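Given the structure is predicted, the values throughout are model-derived calculations rather than measurements.
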Amino acid sequence: MDQNNPQSFKPYTGKAPAIIQIVGGLLWLGAAGAIIMGLLSLIVNPIQGIILLVVAVFMIITARSLFKMKKEAFRNSMILGGLLLILCIYLIITSKGTPSYSNLISPLVILIVGFVYKDRFIN
């Protein structure tokens, strides 16, 4: 018995918290858009198209693990949020004209939600 982790004895109801459901749903929508853009990009720029398709698959994997409240959801959300944050910072640095800082919202939300619910994920 684990005396240090009393949360391990809480019964799992099978339903993720509302914020997890919202973030997971937005990840599914983002993955759908990335799949469409990836397929269209395969014609013009195959490397960018493949990258978008890989990111879309990882977004789907992360969303599924978030909905199931699996421990791997924390790891997946940190990797996805970190990669998206690096990509957004790169785009802000290399953009011509006025950069759009609103792109930083989604990776930060993914990272924050992952950290907030870190202890509530189950095996």
Kindly determine whether L27 and I110 satisfy side chain to side chain contact (heavy atoms under 4.5 Å, CB included), including the steps that lead there. CA-CA 9 Å; L27 281 173; I110 292 170; 3.8 Å; yes
Between M78 and G114 the two heavy atoms that sit nearest each other are CE-CA, 3.7 Å
Are L111 and I19 linked, directly or through other ILVMFWY residues, by side chains that come within less than 4.5 angstrom of each other? yes
Please find the pair of heavy atoms, one from L42 and one from L53, that lie closest to each other, and give the distance. CD1-CD1, 3.9 Å
Do L108 and F115 sit in the same hydrophobic cluster, where Ile, Leu, Val, Met, Phe, Trp and Tyr count as joined when their side-chain heavy atoms come under 4.5 Å apart? yes
Report the distance from atom CD1 of I93 to atom SG of C88, rounding to the nearest 0.5 Å. 11.5 Å
Could you check whether any side-chain heavy atom of V109 comes within less than 4.5 Å of a side-chain heavy atom of V23, counting everything from C-beta outward? yes
Heavy-atom closest contact (R120 atom, M69 atom, distance): O-CE, 3.8 Å
Is any side-chain heavy atom of L39 less than 4.5 Å from a side-chain heavy atom of L52? no
Distance-minimising heavy-atom pair for P17 and Y117: CG-CE2, 3.6 Å
Within this structure, what is the CG-CG distance for the pair L87 and L91, rounded to the nearest 0.5 Å? 4.5 Å
Over all atoms of both residues, closest heavy-atom pair of L85 and P107: N-CB, 3.6 Å
Nearest 0.5 Å please: distance from the CD1 atom of I79 over to the CD atom of E72. 10.5 Å
With rounding to the nearest 0.5 angstrom, report the CD1 to CZ distance, I20 to F67. 9.5 Å
Is there a continuous path of hydrophobic side-chain contacts, each under 4.5 Å between heavy atoms, that joins Y101 to I112? yes
Before giving the answer on side chain to side chain contact (heavy atoms under 4.5 Å, CB included), spell out for L80 and I61 the whole-Å C-alpha distance, their side-chain angles and the decisive distance to 0.1 Å. CA-CA 10 Å; L80 182 64; I61 291 169; over 6 Å; no
Report, as yes or no, whether the 6.0 Å neighbourhood of atom CE on M37 holds more than 12 heavy atoms from other residues, nucleotides or ligands. no
So L104 and L84, side chain to side chain contact (heavy atoms under 4.5 Å, CB included) or not? Walk me through it. CA-CA 8 Å; L104 294 172; L84 291 176; over 6 Å; no
Do Y90 and I105 sit in one hydrophobic cluster, given that two such residues count as connected whenever their side-chain heavy atoms are within less than 4.5 Å of each other, even indirectly? no
Taking all non-hydrogen atoms of both residues into account, name the closest pair between A31 and M59 and its distance. N-CE, 3.8 Å
Report whether I35 and V44 are members of the same hydrophobic cluster (ILVMFWY, side-chain heavy atoms less than 4.5 Å apart, transitive linking). no
Say you draw a straight line from OG of S41 to CD of Q48; how long is it, rounded to the nearest 0.5 Å? 4.5 Å
Can you tell me how far CH2 of W28 sits from CG of L66, rounded to the nearest 0.5 angstrom? 11.5 Å
